Amino acid sequence: MVDTTPLLRAVDLFADRLRAAPQSRLQRGAAAEALRLAQELARWAQAVEEPGAEARVMPDAGMFAVADQITVAAHDLAVVLRSAEEVEEAVRVVEEARKSAGV
């Protein structure tokens, strides 16, 4: 079993910053970037679990829900990651999204 702690820590940091961000920052793009990340992580997990299946899209549940959405998507992905390299790639994706979101 691969250690996914770095991924979960990176996501927790991003989610905490989103929860603490003012509404104006969320509206200026942080929420949209977080939703994009949640959707990407969910697609990744689905591709591993159900190769070849039609991709489902995580819905937009609103700017105040995106922190929970990235957390859920990351936990789903963490269950299916198979190597330290995959974990490192997932951490990189999360950190890039956090920086892009400005939180």
Side-chain angles (χ1 to χ4, degrees):
M1 184 168 186
V2 64
D3 181 14
T4 59
T5 304
L7 170 59
L8 300 179
R9 284 186 182 154
V11 168
D12 285 346
L13 173 65
F14 191 7
D16 288 346
R17 290 188 177 182
L18 287 166
R19 289 182 185 108
Q23 182 174 348
S24 61
R25 177 159 295 157
L26 294 174
Q27 290 172 323
R28 284 193 310 264
E33 181 62 27
L35 177 60
R36 186 205 58 75
L37 173 66
Q39 291 170 336
E40 180 178 352
L41 297 178
R43 275 192 304 273
W44 187 353
Q46 183 186 356
V48 173
E49 288 183 312
E50 302 173 32
E54 184 177 336
R56 294 181 299 273
V57 177
M58 182 175 285
D60 183 345
M63 73 177 132
F64 299 115
V66 293
D68 294 330
Q69 287 181 289
I70 64 170
T71 301
V72 168
H75 279 265
D76 287 349
L77 180 60
V79 171
V80 299
L81 292 178
R82 299 178 189 148
S83 70
E85 292 79 18
E86 288 178 335
V87 173
E88 289 173 11
E89 175 64 13
V91 169
R92 185 190 62 72
V93 167
V94 170
E95 289 176 349
E96 285 179 5
R98 181 180 53 78
K99 289 175 187 171
S100 180
V103 295

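Both backbone and side-chain heavy atoms feed into the values below; hydrogens, waters and symmetry mates do not. Just so we're clear, the structure is a prediction, and the values are computed from it rather than from any experiment.
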Check whether V72 and V80 end up in the same hydrophobic cluster, where Ile, Leu, Val, Met, Phe, Trp and Tyr are linked by side-chain heavy atoms less than 4.5 Å apart.
no
Show the numbers, then the answer: is there a side chain to side chain contact (heavy atoms under 4.5 Å, CB included) between V94 and L37?
CA-CA 7 Å; V94 170; L37 173 66; 4.2 Å; yes
For a 4.5 angstrom cut-off between non-hydrogen side-chain atoms, does V2 reach E86?
no
The test is side chain to side chain contact (heavy atoms under 4.5 Å, CB included); show your working for R19 and D68 and say whether it passes.
CA-CA 9 Å; R19 289 182 185 108; D68 294 330; 2.7 Å; yes
Nearest heavy-atom pair of V103 and A21: which atoms, and what distance?
CG1-CB, 4.2 Å
Nearest heavy-atom approach of A31 to M63 is CB-CB, 3.5 Å
Are V93 and V66 linked, directly or through intermediate hydrophobic residues, by side-chain heavy-atom contacts shorter than 4.5 Å (ILVMFWY only)?
yes
Take R82 and V48, measure what side chain to side chain contact (heavy atoms under 4.5 Å, CB included) needs, and give me the verdict at the end.
CA-CA 10 Å; R82 299 178 189 148; V48 173; 3.3 Å; yes
So, do L18 and L26 sit near enough that their side-chain heavy atoms are less than 4.5 Å apart?
yes
Pair up each side-chain donor or acceptor in residues 5-16 with any protein partner under 3.5 Å, not counting sequence neighbours, and list the distances.
| from | atom 1 | to | atom 2 | distance (Å) |
| --- | --- | --- | --- | --- |
| T5 | OG1 | D3 | OD1 | 2.6 |

A73 versus A42, closest heavy-atom pair with distance
CB-N, 4.1 Å
Please report the shortest heavy-atom distance between M58 and Q39, naming the atom on each side.
O-NE2, 2.8 Å
What distance separates Q46 CD from E54 CD, expressed to the nearest 0.5 Å?
9.0 Å
Between R92 and E88, is the salt bridge (charged side-chain N to carboxylate O under 4.0 Å, His left out) condition met? List the steps.
CA-CA 6 Å; R92 185 190 62 72; E88 289 173 11; over 6 Å; no
Pairing of R36 and E40 as salt bridge, 4.0 angstrom limit:
yes
